[in-house]
Amino acid sequence: MNSAQSTYVKPLPITDGLTDTFWHAANEGDLLVQRCQACQRYQHYPRPHCVHCGSLSIDWQRSNGTGLVHTFTVIHRNDAPGFVDELPYVFAIIELDEGVRMAGNIIDVDPESVHIDMPVQATFVQATDELAIPLWEPATASRA
Ligand code: ZN
């Protein structure tokens, strides 16, 4: 986990009863995804019911925190505070090993080197004492 950033100025997520578990785990360095206890399938973003079978028996499971770039774009213009200093940066949709897709920036990477199916792993940027934002970085371990 990266060290605390006292100067984090980007918008913060609004947590609620549906997402508190996700954000609490993220603050501990764990990436969670929902898994249906009835049909065993995963889903993301968090919902109170299974999008596959409609069951209300939804639980959280720790993700491997690894996946592949499904698609991405390189942002060259964003004047918003906190973003302007990172230009150009990569915004991506990541397909996790669990099969769900999650949005997030890929950091610590040359934007020119990012490609579809590039292996990435979750990393967390500490935004406040209670909130760490899950982002992505190139995977360091080789994948089978
Ligand atoms: Zn289900």
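Counting starts at 1 for both ligands and their atoms, following the listed order.
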N-O pairing of R41 and E98 below 4.0 Å
no
Where do D30 and R62 land on the salt bridge (charged side-chain N to carboxylate O under 4.0 Å, His left out) test, with the steps shown first?
CA-CA 7 Å; D30 286 327; R62 188 174 187 272; 2.7 Å; yes
Just by distance, no angles: are the side chains of E86 and N105 close enough, under 3.5 Å, to form a donor-acceptor pair?
no
Output, by chain and residue number, all protein N/O/S atoms separated from the Zn ion (ligand 1) by less than 2.8 Å.
C36 SG, C39 SG, C50 SG, C53 SG
So do I106 and V69 actually touch side chain to side chain, heavy atoms under 4.5 Å?
yes
Can you tell me if OH on Y45 sees more than 12 non-hydrogen neighbours from other groups inside 6.0 Å?
no
Pair up each side-chain donor or acceptor in residues 50-58 with any protein partner under 3.5 Å, not counting sequence neighbours, and list the distances.
{"residue": "H52", "atom": "NE2", "partner": "Y42", "partner atom": "O", "Å": "3.0"}
{"residue": "S55", "atom": "OG", "partner": "S57", "partner atom": "N", "Å": "2.9"}

